[in-house]
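Here is the naming used below: chain letters follow the sequence lines, and residue numbers restart at 1 for every chain. Values below: every heavy atom of this structure, side chains too, minus hydrogens, waters and symmetry copies.
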Amino acid sequence: MTRLKLHNTLSGKIEDVVPSEGQPIRMYVCGPTVYSRAHIGNFRTFVATDVLRRTLKFLGVPVLEVMNITDVDDRIIQLASAKGTDIREFTEAPTKAYLEDLATLRMEVPEVMPKATEHVPEMVALIERLMARGHTYTVDGSVYFRIASFPAYGGLSRLDVSGIKTGVRVDTDKYEKEDARDFVLWKLKGDEPSWAQWDASFGRGRPGWHIECSAMSMKYLGETFDIHCGGIDLIFPHHENEIAQSECGTGKLFAKHWMHVDHLLVENETMSKSKGNVYNIPDLLAKGFRSDQIRYMLSQSHYRKAFNFTWDGLAQVETALARIHTFWNRLVEITESAGAPAHDSVVLAAASALASFEGALANDLNAPEALAAVHGLVSEGNTLADRGVVNAAGAGVLIDALKRMDQVFACFEPPKGDSLSAEEQALFDSRQDARKKRDFAAADVARKALQERGVVIEDTPKGTRWKRVRA
RNA sequence: GGCGGCGUAGCCAAGUGGUUAAGGCGGAGGUCUGCAAAACCUCUACUCACCGGUUCGACUCCGGUCGCCGCCUCCA
């Protein structure tokens, strides 16, 4: 079995991902904070983690994935209060939207998607453990983690945290801390609404941000698990803090492997509301792009490199993906004809493409190289088909190979279920009539009209086909 | 200031210390076609930001320069 090699932020090296004896690979993904609709930058990360889990399964490794839903934080409390509602009601719509987008992007649903608000007792218990072990202190009722008690702090980010001093830039928590690097585990009840407060042995209040991921990941995956994933911006301080509070609480290694996905830029700029370049999935769909194209776009580049989203790039994806779809359809047609056993050259082409594909993904999820293997198979398959070497059995072999590859990318299979409108059908029929009469001028008029409606005509020996493109 | 990353053809984007530097998009020519579309064939980086060094040999290793970016503060 090919073993996945994955870059580990902890060591800065590419290392084997090895499951514990008799266990699936246990992975945790820092999920969305549900205060607004997630944007394509968020989904760059989430699609990358989906490619990770699908690659593991492709390689025959069982996966247990937890992705949290952060439904309590200052923004949520603030926005919910402003709307005169509470957390449960306010986060309902963004959460639903997130799950919709997940489905649109054909992401596999993680085995567990815990909500922070439903795991406060677990967080409280972890804080109690930290208190018992002397890693905390209390100021005005709020509980802080004392970084000085964890000498290994900073190991993930390789930041020289001793340089962070109390001062203008750091202290966003309103309470006094012993050290600017310390972070809050529990915020004492203040003026927030009652629906944003929970009871704890150390006082009524609400959890800090970092504690939820430690509590929930350990609850479902165990105190030590295999891979912890998230956006590159979470390395510091979020993941650093998770390590500190988890390892100090348990005395054990927290996550063995840390995978971080680099950012998505829009036209070479960071996304920001002021620039008006923050797009979400419905925005792209509204522009006429399909979900398979969006998924291909988000998964085509290497996850450890910044990805630059451009409209032109998305348009390029349309063509590149169409090439795969067209090939697939061509194979399906061939399958329908009778035939002998598959030709050796076809079997060989499929096998060697699959081998390249697997090798690329196993090497730190090299998606661009894996896609090159897919396109290579398309070229080779088309050439063989042009020469008449691909019979029904051969087409079946090639489709099987593509299906295998699509277990990871989930966008190669051509979209189905589309049909022509009555008006388009009429134009299509009239063109067919005109062609029969060899009235090509009239036929071309109909074709042009269809084209303006986003329908492209293809005449083939087996009849006339159509396909939809962005108008 | 500290830490980290990037700079490969018109565009996007892999890769390796040593035969012809993947793949996609775009472009040129050709085959096929009533014409197209699709597909196929040929061509499209004598070169990998720049300058040095190590080496028999570097685009790949080291040092420096320039440019771009991220993090160090909430953030996928």
Side-chain angles (χ1 to χ4, degrees), chain A residues 9 12 29-33 35 38-49 73-75 154 157-164 167-173 180-181 209 229-238 240 260-265 268-272 296-297 300-310 312-327 329-330 356 360 363 366-379 381-387 435 438-441 443-444 447-448 451 456-461 464-467 469:
Chain A
T9 309
V29 178
C30 278
T33 301
Y35 70 99
H39 52 66
I40 55 174
N42 296 310
F43 282 110
R44 198 263 164 120
T45 298
F46 298 137
V47 168
T49 62
D73 86 328
D74 289 353
R75 274 170 307 190
S157 54
R158 291 179 193 77
L159 277 177
D160 180 6
V161 288
S162 65
I164 301 177
V168 281
R169 312 184 66 195
V170 173
D171 199 2
T172 52
D173 296 311
R181 303 170 299 161
W209 172 37
C229 315
I232 192 172
D233 52 306
L234 295 182
I235 296 174
F236 186 89
H238 184 52
E240 203 72 78
H260 290 103
V261 183
D262 209 324
H263 274 353
L264 174 144
L265 303 174
N268 269 315
E269 294 190 355
T270 52
M271 281 186 288
S272 73
Y296 185 103
M297 173 195 71
Q300 68 178 332
S301 66
H302 192 99
Y303 76 92
R304 277 197 294 121
K305 235 178 134 176
F307 173 68
N308 186 26
F309 168 83
T310 63
D312 182 53
L314 189 49
Q316 288 188 11
V317 161
E318 276 188 292
T319 322
L321 191 54
R323 179 175 160 80
I324 298 172
H325 289 338
T326 303
F327 176 59
N329 282 143
R330 178 181 196 179
S356 303
N363 183 200
N366 194 329
E369 201 176 306
L371 287 172
V374 176
H375 277 104
L377 182 61
V378 172
S379 290
N382 270 322
T383 301
L384 291 168
D386 275 7
R387 289 182 195 153
R435 285 188 76 230
R438 302 193 68 78
D439 180 358
F440 296 118
D444 289 348
R447 181 168 63 193
K448 192 150 182 274
Q451 209 151 23
V456 172
I457 294 300
E458 295 178 20
D459 297 318
T460 78
T464 299
R465 280 195 295 251
W466 59 270
K467 66 177 177 185
V469 297

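With rA76(B), rA37(B), rC25(B) as the candidates, the nucleotide lying closest to the side chain of Glu458(A) is rA37(B). With rA39(B), rC74(B), rG24(B) as the candidates, the nucleotide lying closest to the side chain of Arg75(A) is rC74(B). Nearest nucleotide to the side chain of Val456(A), out of rA13(B), rA37(B), rG15(B): rA37(B). The Asp386(A) side chain lies nearest to rC40(B) when the options are rA76(B), rA38(B), rC40(B). The listed nucleotides are rG24(B), rC35(B), rA76(B); the one nearest the side chain of Arg435(A) is rC35(B). When distances are taken from the side chain of Arg158(A) to each of rA76(B), rA38(B), rC3(B), the shortest belongs to rC3(B). The side chain of Phe46(A) lies closest to rA76(B), out of rG70(B), rA76(B), rA39(B). When each of rG7(B), rA39(B), rA76(B) is scored by its nearest atom to the side-chain atoms of Lys305(A), the top-ranked nucleotide is rG7(B). In the set rU73(B), rG24(B), rA76(B), rA76(B) carries the atom at the smallest distance from any side-chain atom of Thr33(A). Side-chain proximity of Arg323(A) to the nucleotides rC40(B), rA38(B), rC11(B) is greatest for rC40(B).
The separation of rG26(B) from rA37(B), taken at their P atoms, amounts to 12 Å, rounded to a whole angstrom. For the C1' atom pair drawn from rC68(B) and rA49(B), the interatomic distance equals 11 Å after rounding to whole Å. A gap of 10 Å separates the P atoms of rU60(B) and rC50(B), to the nearest Å. Atom name P, nucleotides rG5(B) and rC61(B): the rounded distance is 12 Å, in whole Å. The gap from the C1' atom of rU8(B) to that of rC48(B) amounts to 4 Å, rounded to the nearest Å. Rounded to whole Å, the P atom of rA21(B) lies 33 Å from the corresponding atom of rC32(B). Atom C1' of rC59(B) sits at a distance of 12 Å from the matching atom of rG7(B), rounded to the whole Å. One C1' atom belongs to rU73(B), the other to rC66(B), and the distance between them is 30 Å to the nearest Å.
Taking atom CD on Gln300(A) and atom P on rA13(B), their separation rounds to 8 Å, with Å as the unit. Rounded to whole angstrom, the span from the CG atom of Asn268(A) across to the P atom of rC69(B) amounts to 9 Å. In this structure, the NE2 atom of His238(A) is 22 Å from the P atom of rG70(B), given to the nearest Å. One interatomic measurement links the two molecules: CD1 of Ile235(A) to P of rC72(B), which rounds to 10 Å at whole-angstrom precision. The distance between atom CD of Glu369(A) and atom C1' of rC12(B), rounded to the nearest whole Å, is 17 Å. Here the P atom of nucleotide rG70(B) and the CD atom of Glu269(A) are 10 Å apart, to the nearest Å. With rounding to whole Å, Leu234(A) atom CG is found 16 Å from rG70(B) atom P. One can place CZ of Phe440(A) at 8 Å from C1' of rC35(B), the figure rounded to the nearest angstrom.
A cation-pi geometry, defined here as NZ or CZ lying under 6.0 Å from the six-membered ring centre and within 45° of its normal, holds between Arg75(A) and Tyr35(A).
Looking at Arg44(A), its side chain never comes within 3.5 Å of a backbone N or O of Gly231(A) through a donor-acceptor pair.
Nearest-nucleotide assignment on RNA chain B puts the 5′-proximal partner with Thr310(A), out of Thr319(A) and Thr310(A). With RNA chain B read from its 5' end, the first of the two nearest nucleotides for Ala372(A) and Gly31(A) is the one closest to Ala372(A).
Using a 4.0 Å heavy-atom cutoff across all strands shown, His39(A) reaches at least one base atom of the nucleic acid. Contact annotation for His263(A): base contact, defined as any heavy-atom pair under 4.0 Å involving a base atom. As judged by a 4.0 angstrom heavy-atom cut-off over every strand, Met297(A) is placed among residues making no nucleic acid contact. Using a 4.0 Å heavy-atom criterion, one finds that Thr460(A) contacts no nucleic acid atom at all. Residue contacts shown for Gly41(A) include a base, since a base heavy atom lies under 4.0 Å away. Within the 4.0 angstrom heavy-atom criterion, no nucleotide atom of any strand lies near Ile232(A). Among the atoms of the strands shown, base atoms are found under 4.0 Å from some heavy atom of Asp444(A).
Below the 3.5 angstrom threshold, one finds a donor paired with an acceptor across the side chain of Arg447(A) and the base of rC35(B). Side-chain atoms of Asp233(A) and base atoms of rG70(B) include no donor and acceptor less than 3.5 Å apart. At a cut-off of 3.5 angstrom, the base of rC35(B) holds at least one donor-acceptor pair with the side chain of Asp459(A).
Side-chain atoms of Arg158(A) and Thr9(A) form no donor-acceptor pair, as typed in the model, at a separation below 3.5 Å.
Pair assignment for rC74(B): none, as no Watson-Crick or G-U wobble contacts are both less than 3.5 Å. The partner of rC11(B), taking Watson-Crick or G-U wobble pairs whose two distances both stay under 3.5 Å, is rG24(B). Of all nucleotides present, none satisfies the Watson-Crick or G-U wobble test against rA58(B) with each distance under 3.5 Å. Figure legend. rU31(B) is base-paired to rA39(B); pairs are counted as Watson-Crick or G-U wobble with both atom distances under 3.5 Å. Checking rC48(B) for Watson-Crick or G-U wobble geometry (two distances, each under 3.5 Å) identifies no partner in any strand. The partner of rC68(B) is rG5(B), judged by Watson-Crick or G-U wobble contacts that both fall below 3.5 Å.
Here the shortest heavy-atom pairing between His375(A) and Ala320(A) reads NE2-O, 3.4 Å. Heavy-atom minimum distance, His260(A) versus Arg304(A): O-CG, 4.0 Å. Shown here for Pro32(A) and Phe46(A), the closest heavy-atom pair between the two residues is N-CZ, 3.8 Å.
Annotation: the span from Phe327(A) atom CZ to Leu377(A) atom CG amounts to 5.0 Å, rounded to 0.5 Å.
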